[in-house]
**Q** 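Got a structure for you, written out below as structure tokens; questions coming shortly.
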Amino acid sequence: QMQLVESGGGLVQPGGSLRLSCAASGRTFSSYAMGWFRQAPGKEREFVAGISPSGGITEYADSVKGRFTISRANAKNTVYLQINSLKLEDTAVYYCAAMIDYSGNFDSSEYDYWGQGTQVTVSS
């Protein structure tokens, strides 16, 4: 069993930055691929970024490439999402998720554990 707790969300102006963190329980964090997803009001959950267990492979949604950076610190059981140049359309609840059977696909159906989410609101 793994528990994921997101933090770092908040209210920010357009163009601003945030760093989201996701702390994982358990001693096998380094075996899991990790992903960040988001869900805006009235919309379906969408993939934002993913990172392989070692951190050597990352993937991003086209809408966030160049603005978002996913990273991980396996020694701290934590995955991060650095969000820069925030836009109004980035407003959403952001979730992290963990996948044990990573085979190169960061599709949302492959994840075993999900956090409760952290709200990011972009507003002027």
Side-chain angles (χ1 to χ4, degrees):
Q1 193 76 307
M2 174 178 280
Q3 291 187 331
L4 302 172
V5 179
E6 301 95 337
S7 62
L11 174 64
V12 63
Q13 293 184 338
S17 298
L18 284 174
R19 188 173 83 154
L20 307 184
S21 299
C22 173
S25 65
R27 294 175 290 179
T28 59
F29 176 75
S30 60
S31 299
Y32 287 77
M34 300 298 295
W36 283 97
F37 294 78
R38 67 186 181 185
Q39 187 166 20
K43 295 187 177 181
E44 294 187 352
R45 184 175 60 195
E46 64 173 351
F47 170 76
V48 173
I51 189 167
S52 62
S54 67
I57 298 172
T58 57
E59 185 174 309
Y60 298 91
D62 289 341
S63 59
V64 307
K65 282 181 181 177
R67 299 188 299 121
F68 289 20
T69 303
I70 188 171
S71 61
R72 66 189 298 160
N74 285 344
K76 296 182 179 181
N77 282 13
T78 303
V79 62
Y80 305 97
L81 186 68
Q82 178 68 40
I83 309 175
N84 297 326
S85 302
L86 276 157
K87 303 177 181 181
L88 296 176
E89 53 264 40
D90 293 320
T91 295
V93 177
Y94 283 71
Y95 300 90
C96 70
M99 178 200 319
I100 186 63
D101 292 324
Y102 172 67
S103 57
N105 184 359
F106 288 108
D107 187 87
S108 63
S109 65
E110 302 297 319
Y111 290 83
D112 301 280
Y113 303 104
W114 292 81
Q116 294 299 306
T118 185
Q119 176 71 48
V120 172
T121 302
V122 184
S123 175
S124 56

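Basis for what follows: all heavy atoms, side chains included, without hydrogens, waters or symmetry-related copies. Computed from a prediction, not measured in an experiment: that's the story for all the values here.
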**Q** Counting only heavy atoms not in Glu44 (residues, nucleotides, ligands), do more than 12 fall under 6.0 Å from its CD?
**A** no
**Q** Could you pull out all residues at least two apart from Tyr113 that satisfy ring-ring contact (aromatic ring centres under 6.0 Å, His included)?
**A** none
**Q** Between the main-chain N or O of Arg19 and the side-chain N or O of Gln82, is there a donor-acceptor pair closer than 3.5 Å?
**A** no
**Q** Within a radius of less than 6.0 Å around CD of Glu46, do more than 12 heavy atoms belonging to other residues, nucleotides or ligands occur?
**A** yes
**Q** So, taking the atom named CD1 in Ile51 and the one named SG in Cys96, what distance separates them when rounded to the nearest 0.5 Å?
**A** 12.5 Å
**Q** I'd like to know if Tyr80 and Phe106 are part of one continuous hydrophobic network [Ile/Leu/Val/Met/Phe/Trp/Tyr, side-chain heavy atoms within less than 4.5 Å].
**A** no
**Q** Under 4.5 Å between any side-chain heavy atoms of Ser17 and Val12, yes or no?
**A** no
**Q** Do Leu86 and Leu88 belong together in a cluster built from hydrophobic side chains that touch within less than 4.5 Å?
**A** yes
**Q** Taking side chain as C-beta onward, heavy atoms only, is Met2 less than 4.5 Å from Ile100?
**A** no
**Q** Can you label the angle between the Trp114 ring and the Phe37 ring as parallel, tilted or perpendicular, going by 30° and 60°?
**A** tilted
**Q** Taking Asp90 first and then Lys87, would you say they form a salt bridge - that is, a charged N and a carboxylate O separated by under 4.0 Å?
**A** no
**Q** Checking Thr28 now: which residues fulfil side-chain contact (heavy atoms from CB on, under 4.5 Å) with it, not counting sequence neighbours?
**A** Ser31, Tyr32
**Q** Would one find more than 12 heavy atoms of other residues, nucleotides or ligands at under 6.0 Å from atom CD of Gln116?
**A** no
**Q** Do Ile57 and Met34 belong to the same hydrophobic cluster, where Ile, Leu, Val, Met, Phe, Trp and Tyr are linked whenever their side-chain heavy atoms lie under 4.5 Å apart, directly or via other members?
**A** no
**Q** Sequence neighbours left out, what passes side-chain contact (heavy atoms from CB on, under 4.5 Å) with Val64? Give chain and number order.
**A** Arg38, Val48, Tyr60, Ala61, Arg67, Phe68
**Q** What I'd like to find out is whether the side chain of Tyr95 reaches to under 4.5 Å of the side chain of Gln39, using heavy atoms alone.
**A** yes
**Q** For the backbone of Asn74 and the side chain of Ser30, can you confirm whether one donor and one acceptor N or O come within less than 3.5 Å of each other?
**A** no
